Number of protein chains: 2
Amino acid sequence: MDDHIQFKSLTRLDESLLAHIPPFSLLEHSQIREILDHATVRRYAEGVPVFCEGDPAERFFMVLDGYIRVLRITPCGEQVIALHIPSGQLFGIAKAIGRDAYPATAVTASEAIILSWPTQIWDYFVVNYPGFATETYKVVGERMGELNMRVVELATQQVEQRVANTLLRLVNQTGRKVEGGIEVDFSITRQDLSEMTATTLHTISRLLSAWEKQGLVKSRRKHIVVSDPQRLVALGQHHA
Amino acid sequence: MDDHIQFKSLTRLDESLLAHIPPFSLLEHSQIREILDHATVRRYAEGVPVFCEGDPAERFFMVLDGYIRVLRITPCGEQVIALHIPSGQLFGIAKAIGRDAYPATAVTASEAIILSWPTQIWDYFVVNYPGFATETYKVVGERMGELNMRVVELATQQVEQRVANTLLRLVNQTGRKVEGGIEVDFSITRQDLSEMTATTLHTISRLLSAWEKQGLVKSRRKHIVVSDPQRLVALGQHHA
DNA sequence: TATAAACTTTGCGCTAGCACAACCTTTGTT
DNA sequence: AACAAAGGTTGTGCTAGCGCAAAGTTTATA
């Protein structure tokens, strides 16, 4: 992970990149310049690990473009996808929650451009950049909220509802308008969806087939379009 | 919730109460005095709500003695128990994660003595008391870790394993040595355990009965003693 | 001391969704 | 063009664990 290409010397990053992103939105242009000058940029292909669970948290990251998938692997080798992170968000911020190793693995869910900084300057950021800490902890809070929601869903809902809700969340958070509905903005297999909803790829396949027949979704290999969010919401709700 | 009894005027709290508790352990006695003087103390009976999901987060809390149960209630009225908080820990720290309403409900799991402070002085604490922020975020990190672990467990394990692991965690975190094993240190019903493990009280009852026959646990109404942690650990592990 | 309320146990039948298996389709590679 | 590899579909049978039901036990209340 030390082969980071230092784009900053090639393509000088524009300050406007960060100006509107919450943790930096309160800062002066000069401060953003400073932040960018400390950053390393790297382009990742799809499906590439950015860091792994248990690695020492030497850097923290921000998605500039693309999506990150956060996952954990059980002792028995099963994957559980915890979360997707869209562009504009920090991740790998172990330091913020008092850890010195990453608590989960981060893999690119699409091609992605990622900024990163050495963890040592975290405290400097917190002290010197107003709003940075606050906004960061807001993100932590949101992630906790999502985790919590997943626990509740896993504990109380049927597979069909979990999948419906997960799919809705995906298109809400990372959806792209296409003709005929909203499409999940990165490659996503049945296997992936099953690892998000604690079921099997077979069950997902059956569900999507059924939904497609009813005109709720349209899916091709690695692509899912939600064409009737309304009815999907209804499916996700009640206990029947 | 405004009938807080101001014990502080009656029984002046001793500084040694907080001196060894992480978020305060780095502080001078005078600072702890100051903190205590701002605190409200209240004794709660068992099963009493301290705050409810969605309430404005006007105060933050610390368990001085007893246990707190954190839970969420679904639209359909089902409860999911997220977490138990033992004495010495902060809770209701919505402010720390950028919220202004409590994200879950907190109920006493036993008789409890609880300190609380108005949320407005949170920032003062963070700025003026070294180590307070860091230690607090460590707690946030640990809670995230627990949530994460629960998601993984719910997603990959069978009921028997989940219950075994949950029970082990309970006795590890809140266990009290008794003759014949380690006992969960607060009242706990089959219903409670089922709400922690996403199953039914019936299944819990059957499991405990079976385990009792095998000499793994001993349980009476509202009490559970783990007598053979070793074998329980084994049960919690493998996929069979 | 009787009665109610809360908690627990146990039995039985059913079904959601998994495991297994076979086959198909699309994409990438040589 | 042929093959391999990754991803997707669909069928069949099975079972973990739930829903329902009924009865037992302990604790609280009148």
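Model, not experiment: these values are computed from the prediction. Letters A, B, ... mirror the listed sequences (proteins, then strands); counts begin at 1.
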Practice task
Using whole Å, report how far CG of B:L193 lies from C1' of C:dT8.
Solution key: 13 Å

Exercise for the section: May I ask you to evaluate whether A:T189 reaches the phosphate of D:dG7, defined as a side-chain N or O under 4.0 Å from OP1 or OP2? Expected result: no

Practice task
Report the C-alpha separation of A:D192 and A:R69 in whole Å, then their side-chain angles, then the decisive distance to 0.1 Å, and conclude whether the side chain to side chain contact (heavy atoms under 4.5 Å, CB included) test is met.
Solution key: CA-CA 10 Å; A:D192 292 333; A:R69 175 173 295 157; 3.5 Å; yes

Problem - Integer-rounded Å distance: C:dC20 P and A:R206 CZ - result: 14 Å

Handout entry: Nucleotide nearest B:V159 (side chain, heavy atoms from C-beta), chosen from D:dG17, C:dT25, C:dA16
Key = D:dG17

Exercise for the section: May I have the distance from A:L208 (atom CG) to D:dT10 (atom P), rounded to whole angstrom? Expected result: 11 Å

Problem - Separation of atom NE2 in A:H223 from atom P in D:dG8, rounded to whole Å - result: 10 Å

Practice task
Check the distance between D:dT9's P and A:R221's CZ and give it to me in whole angstrom.
Solution key: 10 Å

Handout entry: C:dT8 phosphate, OP1 or OP2, under 4.0 Å from B:R190 side-chain N/O
Key = yes

Practice task
Output yes when at least one side-chain N/O atom of B:T203 is less than 4.0 Å from OP1 or OP2 of D:dC18, else no.
Solution key: yes

Problem - B:K222 side-chain N/O to C:dC7 phosphate OP1/OP2 under 4.0 Å - result: yes

Handout entry: Minimal non-hydrogen separation, B:A109 against B:F186, with atom names
Key = O-CB, 3.6 Å

Exercise for the section: Measure the distance from CD on B:Q157 to P on D:dG17 and round it to the nearest whole Å. Expected result: 11 Å

Problem - A:T200, nearest nucleotide to its side chain (from C:dA16, D:dT10, C:dC18) - result: C:dC18

Problem - Spacing between A:L154 atom CG and C:dG17 atom C1', to the nearest angstrom - result: 15 Å

Handout entry: For atom CD of B:E160 and atom P of D:dT15, their distance in whole Å
Key = 17 Å

Exercise for the section: Ignoring backbone atoms, test whether A:S209 places a side-chain nitrogen or oxygen under 4.0 Å from the OP1 or OP2 oxygen of D:dT10. Expected result: yes

Problem - Cation-aromatic face contact A:R42/A:Y44, 6.0 Å, 45 degrees - result: yes

Exercise for the section: For a ring-ring contact (aromatic ring centres under 6.0 Å, His included) with A:Y102, tell me which candidate from A:F60, A:F51, A:F91 qualifies. Expected result: A:F51

Handout entry: Base of D:dT10 paired with side chain of A:H202 (donor-acceptor, under 3.5 Å)
Key = yes

Fill in the blank from the handout: On DNA chain C, more 5' by nearest nucleotide between A:R220 and A:A198 is A:A198

Handout entry: Given D:dT9, D:dC18, C:dA6, the nucleotide with the shortest approach to the side chain of B:T199
Key = D:dC18

Exercise for the section: Output yes when at least one side-chain N/O atom of B:S205 is less than 4.0 Å from OP1 or OP2 of C:dC7, else no. Expected result: no

Practice task
Could you tell me whether B:L201 contacts a base, only the sugar-phosphate backbone, or nothing, with contacts defined as non-hydrogen atoms closer than 4.0 Å?
Solution key: base

Problem - For A:T119, side chain to side chain contact (heavy atoms under 4.5 Å, CB included) partners two or more places apart - result: A:K95

